Amino acid sequence: MKQIYYKSTRGNEKLVKSAEAIARGLSEDGGLFVPTSIPKLTASLEELKGMDYKKLAFIIMKEFLTDYDEKDLLESIDKAYDEKFDTPVIAPLVKHGETYFLELYHGPTLAFKDMALSILPYLLKNAVKKLNINKEMVILTATSGDTGKAALEGFANVDGTKIIVFFPQEGVSEIQKRQMLTQSGDNTSVIGIEGNFDDAQNGVKQMLTDDSLIKRLDDNNKMFSSANSINIGRLIPQVVYYFYAYTQLCNKGEIKAGEEINFCVPTGNFGNILAGYYAKKMGLPIKKLICASNENKVLFDFINTGTYDRVRDFVITMSPSMDILISSNLERLLYAISGENTSKIKELMDKLKKDGKYEIDDNMKGELKDFYGGYASEEDTAKAITAVYKTTNYVIDTHTAVSYAVYKKYLVETKDTTKTVIVSTASPYKFTPDVMKSIDAKYIGLNDFKLIKELSKLTKGDIPVGIKDLETRPILHKTVCEKNEMQIQIEKILNI
């Protein structure tokens, strides 16, 4: 098997193996780790059709993690995708009306982040062992709502680690907030910030590359890593479910192996759809990756104009996990479409930091042909929830609704009849106020916990275990800070 190495998007020419890239999270020059080449899949689509999720995960991930022992990788996959998911299928593909939905919310925190964050702790533990690191790993994470809880769930009580999560105090749903604030585990810390997700993400990235802070950590036998999708160990597991959706379509007789399909992905930080791009580069027959934005439509504007401009009003929407103006993972795509020109990427990222915007050249714009950019307004999102429920009795969450609304616009605009999978990223139970009032105005005014019970009645289904007793769990994390006080909180928690 060809050894895959990783390097920074911003010019540090040092090549590292996957274990080091995962352990470090972010390159020392501030760039993101990317594989020096995207491996081609060695198994055929016909062979993949007969595999369950775990087997498929192994076949795909071993192509990227070439320095991991296969036995360790198999063990990690087995522990990650176990009974913590409420279905042995792990990521079911369901059809309602004429639409296919890939349900990625059957893990413990009811969001797609579980798909990667269930395995990241095992990948990191193996990396630490392989690299003979005898330091405490401090997992530093910013969240727009879902990553935080999924990371806390994955790393709680894992020996040799501490996990610290920052989230926008007023920028997540009540259920998301309560999931994080009630998280147990002696090694967990959760801090609300007076700011938005971009503020939290910027603060985390700054600390991960702060030489003096890193040295103080080192002096105290600690080192930083990250559970955000800036960590390549988050991104690689996400490639798997694109292949899995495809094989399910094949097995249901909806397509033949080799036939092209589209994916429509609700995205803010660009990690989820980038995993689809990597799947396409590996050989999965994807025709179009439809990038669905909410009213914070920086990605829509970028795909359609080639200009990325974060200098705009930040909108708090009913799809909070997408309320992002700085899409970190886009840097990895820029690296790919620039012909792996690291000096160009550094120039663009410096412009973004200094001016809040950049423009790519015509050659790079031409390389965006794999993508279609669309966005949904708040009204579009609510109407999508209503339409899907009224026509099929299927309830979707606010992020999936953004994707559905954008897909409907795509159909009108392109007349493309290619079979398309809507990537469903969260359970409707996490965003009940907006979901339920879109279905019927009689639900307006009820609190989140009452609405959870109403949704259970409506769908004739059990309340998911992950939130069943959420209302009565004690609040364990009460710290809130200004966005410029994040490092002070870190120093306090770590006693450095």
Side-chain angles (χ1 to χ4, degrees), residues 38 41 45 48 53 56-57 60 90-105 111-113 115-116 229 235-252 254-294 299-300 303 319 321-322 327 329-330 332-333 336 368-376 384 388 396-397 399-411 413-414 416-426:
I38 303 290
L41 205 63
L45 292 172
L48 299 184
Y53 196 88
L56 192 61
I60 290 161
I90 307 298
L93 183 79
V94 298
K95 187 178 183 184
H96 291 281
E98 292 304 307
T99 310
Y100 308 92
F101 296 89
L102 179 65
E103 295 182 345
L104 298 178
Y105 53 76
F112 83 99
K113 306 296 172 81
M115 302 300 295
S229 56
L235 193 62
I236 290 165
Q238 291 180 256
V239 176
V240 178
Y241 50 71
Y242 286 92
F243 281 92
Y244 194 54
Y246 190 91
T247 61
Q248 288 183 82
L249 276 176
C250 289
N251 292 334
K252 289 173 191 286
E254 300 281 356
I255 59 169
K256 293 191 171 106
E259 189 178 332
E260 284 190 325
I261 67 169
N262 299 329
F263 283 95
C264 188
V265 190
T267 190
N269 215 15
F270 207 74
N272 198 1
I273 198 165
L274 182 69
Y277 178 77
Y278 278 17
K280 180 178 170 99
K281 292 298 177 189
M282 285 187 84
L284 190 65
I286 297 175
K287 180 180 178 184
K288 218 54 156 181
L289 288 159
I290 302 166
C291 180
S293 298
N294 65 12
L299 289 169
F300 165 80
I303 289 168
S319 45
S321 297
M322 298 164 67
S327 304
N329 266 289
L330 188 61
R332 286 187 169 112
L333 179 68
L368 290 173
K369 60 186 178 295
D370 293 319
F371 295 88
Y372 167 94
Y375 83 95
V388 172
I396 57 174
D397 90 294
H399 303 76
T400 308
V402 168
S403 193
Y404 182 85
V406 167
Y407 173 55
K408 289 299 177 185
K409 290 181 182 181
Y410 173 80
L411 279 178
E413 190 177 313
T414 67
D416 179 12
T417 58
T418 305
K419 286 195 168 67
T420 299
V421 173
I422 306 283
V423 177
S424 184
T425 53

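Quick caveat: nothing in here was measured; it's all calculated off a predicted structure. Residue numbers run from 1 in the order of the sequence given.
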Shortest non-hydrogen separation from Ser229 to Asn329 and the atoms involved: OG-ND2, 2.7 Å
If we ignore hydrogens and angles and just use 3.5 Å, is the side chain of Lys287 paired with the main-chain N or O of Glu260 as donor and acceptor? no
I'd like to check the side-chain hydrogen bond (donor to acceptor under 3.5 Å, both in side chains) partners of Tyr100; sequence neighbours left out, ordered by chain and number. Glu254
Which pair of non-hydrogen atoms, one from Ser424 and one from Thr400, has the smallest distance, and what is that distance? OG-OG1, 2.9 Å
Counting only heavy atoms not in Lys256, do more than 12 fall under 6.0 Å of its NZ? no
Please report the interatomic distance CZ(Phe112) to OG1(Thr425), rounded to the nearest 0.5 Å. 6.0 Å
Donor-acceptor under 3.5 Å (His399 side chain, Ser321 main chain): yes
Taking the side chain as every heavy atom from C-beta outward, state whether Tyr410 and Asn262 have any pair of such atoms under 4.5 Å apart. yes
Salt-bridge present (Lys288, Asp416; N to O < 4.0 Å): no
With rounding to the nearest 0.5 Å, note down the distance linking CD1 in Ile286 to CD1 in Ile261. 6.5 Å
In Å and rounded to the nearest 0.5 Å, what is the CD1 to CD1 distance from Ile290 to Ile273? 8.5 Å
Taking only distance into account, with no hydrogens and no angle test, what donor-acceptor pairs under 3.5 Å do side-chain atoms of residues 401-409 form with protein atoms, sequence neighbours excluded?
residue : atom : partner : partner atom : Å
Ser403  : OG   : Cys264  : O            : 2.9
Lys409  : NZ   : Tyr375  : O            : 2.8
Lys409  : NZ   : Asp380  : OD2          : 2.9

Measure up the Tyr242 and Phe263 rings against each other and bin them: parallel (under 30°), tilted (30 to 60°), perpendicular (over 60°). perpendicular
So CD of Glu98 and NZ of Lys419: to nearest 0.5 Å the spacing works out to 9.0 Å
Quick one: pull up CG in Leu93 and NZ in Lys252 and give me the separation to the nearest 0.5 Å. 5.5 Å
